[in-house]
Each structure stands twice: as C-alpha cells, then as structure tokens.
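We count residues from 1, following the sequence as given. Since the model is a prediction, treat every value here as computed from it, not as a measurement.
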Amino acid sequence: MTATIIDGKAFAAKVRGQVADHVARLKGQGITPGLAVVLVGEDPASAVYVKNKGIQTKEAGMASFEHRLPAETSEADLLAVIDRLNADPAVHGILVQLPLPGHLNADLVINAIDPSKDVDGFHISNVGLLGTGQKSMVPCTPLGCLMMLRDHLGDLSGLNAVVVGRSNIVGKPMAQLLLGDSCTVTIAHSRTRDLAAVCRGADILVAAVGRPEMITADFIKPGATVIDVGINRIERDGKKKLVGDVDFTSAAKVAGAITPVPGGVGPMTIACLLANTVTACCRANGLSEPEGLTA
C-alpha cells in the first residue's frame, strides 16, 4: 500500500482563495476585516512568521496591523497595546506572537485579548466554549487539521480517532473538534501504556507529541489517515532537516493517507488564521459566518 499524500500547500491555497472571496464580498458592503499582530522582541523565527502573516493578510485583501515592541517591553505597556486593539473597531482579530520574553506572563496577556477577537483561540473563554460544544474561536492548527480530514474523508461520524499529544494548543482542542464531528476519541501521549497498540486502533491518527519520527509504521492501522502536526529540526548525514512526529517513509507504506512535513499541516495554520479573522469580522457585524471556513 502507498498512502495518498494530503497536500497541505494546495489545500491552504484553496482556503486562502475562499477567504479572499469572502473579504471581497465584505468590502462590497463597506467592511474590511483587520488583523493585528503583536510581536515582542527579536526572535528570528517569530519575526519571519509575523512577516509571512502580514503578507498573506494583505494578499487576501484584509487590513494588516503590526505592532513590534522591544524585548524589554513591560507587561503594563503590552497590556495597554492590547486594550487599544480591543477597542479599535477596525481590528477584528488580535494575535500576540508566542513565545513571549520570559518576564511576561503569557496566560495573563492572552486572556487580556477580547475573546471575540482572539483569532488564535487561546483565551480561556474560547477554550471553555469549545470544550462545551458552543460557538468559539478555534485554534488555527487543529482547525486546519479538521478541514483536511473533512475534505479527504467526508463524514467523520463514528470513526475512531487517536490524538497523540495533550497540549493546549493542538492536542486538547483537536480532540474536542473530533468529538464535535462525532468521532470516538482517545487522547494519548508519551506516557500512554503500549502507545503503539492504542494508535493501531485509529482510523484517524493525529500526531502532535513533539518528538521527531516517534510514530512508525507499527503504530498505524492499515489504511488509516495520518495527520502529522510535528515540526522538528534534526541533523542527519551532516545536514539539517525538517521532519514530523511521524516516520514518513515507513508510515506511508501502511497508511491510507498522510500529511507530509513540510508541506502538510504547516501551511494551513496561517490560512486558518485568516479564516478566523473573517469569521470574527462577520460575527462582529452580525453577518452569516463564512461557509466551509469554520468548525
């Protein structure tokens, strides 16, 4: 068996196209969705990520607001910036780029964002709403995974899903989204007893444990759909390489479908950030939410 490759780049481009279409319709009504990104410090990876977000935001026709603050910015000053963005009607989505410098309390900062503008879906109110099956802002990476699963498999109802990883950013919200689509869900992690056996029961296997190539072929049920959320930089044969949490070469011989790394889940994260911003804009203006871009 050779797995079907789920092309995240192509799917993300499709989502961005849908976002741009919705933005054009909103502009026709005199409404321009706006995304504000706050970057504190000079972390190189974060700076590149913020730059890419700005480019894609503008390409979709949305307003992009960037706030770059020095690493020594005080908590009070950062919270003041967030307060101004909360009150700005031109801003529909607010994202504070993580990680923050060590002297800043990330939970305090995230929970200072207006939940209706929390396009990362990390605010405790959105976490609670998602967990109780209510309308919320959904974290971008799990939302992207769900979109790809729906696109590839159609109806997910009744399928057995195993999520390997219990982070607040991916693992837990991913499990909630799959429950919302009527999957039977198991959350596993690095300390799960006989993890391979648990994973082999999965029709859908989502790997988000943060360990390079931990999931090998013997973890995978023949024909299962494998979503690899991991992004790990390793050195192999004297060269730096990007790999996922799944050993792609062996897994692709067993799985029915699989996302590659790079080019799988990664491109969907920014695409879903844009989708969430449009959703937030529609909700703020009492308009119907964009079909196909929400959970």
Side-chain angles (χ1 to χ4, degrees), residues 1-9 11-12 45 49 98-99 121-122 138-149 152-153 156 159-178 183 185-237 239-272:
M1 178 183 296
T2 301
T4 298
I5 307 302
I6 300 175
D7 187 341
K9 278 187 178 180
F11 195 78
Y49 197 43
L98 301 177
F122 295 163
V138 177
C140 302
T141 300
L143 177 58
C145 295
L146 183 70
M147 285 182 179
M148 289 192 290
L149 285 167
H152 180 70
L153 294 171
L156 307 184
L159 296 178
N160 289 324
V162 174
V163 180
V164 186
R166 48 184 167 176
S167 73
N168 293 330
I169 294 174
V170 179
K172 292 175 185 175
M174 186 76 250
Q176 295 291 352
L177 289 173
L178 289 166
C183 292
V185 182
T186 300
I187 300 180
H189 44 80
S190 59
R191 297 188 184 182
T192 297
R193 292 181 181 177
D194 201 351
L195 179 60
V198 172
C199 292
R200 279 195 297 273
D203 302 305
I204 297 169
L205 179 61
V206 180
V209 73
R211 296 192 179 185
E213 300 177 330
M214 176 181 172
I215 306 296
T216 54
D218 62 326
F219 284 64
I220 298 168
K221 175 183 178 180
T225 300
V226 179
I227 304 293
D228 189 354
V229 183
I231 299 177
N232 308 284
R233 288 171 176 81
I234 65 169
E235 190 166 315
R236 179 174 291 156
D237 301 325
K239 296 180 180 178
K240 291 183 179 179
K241 187 178 181 182
L242 203 63
V243 300
D245 291 349
V246 177
D247 177 10
F248 182 86
T249 302
S250 69
K253 296 175 182 176
V254 180
I258 189 169
T259 59
V261 177
V265 173
M268 286 297 295
T269 300
I270 295 181
C272 288

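- Judged by distance alone, with hydrogens and angles left aside, the side-chain atoms of T192 form no donor-acceptor pair with the main-chain N or O of L195 at under 3.5 Å.
- K172 approaches R166 most closely through the heavy-atom pair CE-O, 3.1 Å.
- For the atom pair L178 CG and L146 CG, the distance stands at 6.5 Å (nearest 0.5 Å).
- Taken to the nearest 0.5 Å, the NZ atom of K240 stands 12.5 Å off from the CD1 atom of I234.
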Item to complete: May I have the step-by-step check of side chain to side chain contact (heavy atoms under 4.5 Å, CB included) for Y49 and T269, ending in yes or no?
Response: CA-CA 11 Å; Y49 197 43; T269 300; 3.1 Å; yes

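- Taking CE of M147 as the reference point, atom SG of C140 lies at 9.5 Å (rounded to 0.5 Å).
- The backbone N or O of G244 lies less than 3.5 Å from a partner atom in the side chain of N232, making a donor-acceptor pair.
- Residue S190 comes nearest to M214 through the heavy atom pair CA-CE, 4.4 Å, listed as atom of the first residue, atom of the second, then distance.
- In terms of heavy atoms, V243 sits closest to P212 at CG2-CB, 3.8 Å.
- Interatomic distance, CD1 of I204 versus OG1 of T225, reported as 6.5 Å (0.5 Å rounding).
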Practice prompt. Under the side chain to side chain contact (heavy atoms under 4.5 Å, CB included) rule, what do N168 and F122 come out as? Steps first, then yes or no, please.
Written response: CA-CA 8 Å; N168 293 330; F122 295 163; over 6 Å; no

Practice prompt. Would you sort out whether E213 and R236 count as a salt bridge (charged side-chain N to carboxylate O under 4.0 Å, His left out), showing the intermediate values?
Written response: CA-CA 13 Å; E213 300 177 330; R236 179 174 291 156; 2.6 Å; yes

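- No side-chain donor-acceptor contact under 3.5 Å links R211 to the backbone of D245.
- The backbone N or O of V265 lies less than 3.5 Å from no partner atom in the side chain of T259, so there is not a single donor-acceptor pair.
- Between R200 and K221, the shortest heavy-atom distance links the atoms O-CB, 3.1 Å.
- Looking at F219 and V164, their side chains never come closer than 4.5 Å, going by heavy atoms from C-beta outward.
- In this structure, H152 and A257 approach most closely via the heavy-atom pair NE2-CB, 3.2 Å.
- A175 and V185 make their closest contact through CB-CG1, 3.8 Å (heavy atoms, listed as atom of the first residue, atom of the second, distance).
- Rounding to the nearest 0.5 Å places CG of L153 at 9.0 Å from SG of C183.
- Counting only distance, with no hydrogens or angles, the side chain of D228 and the backbone of V246 share a donor-acceptor pair below 3.5 Å.
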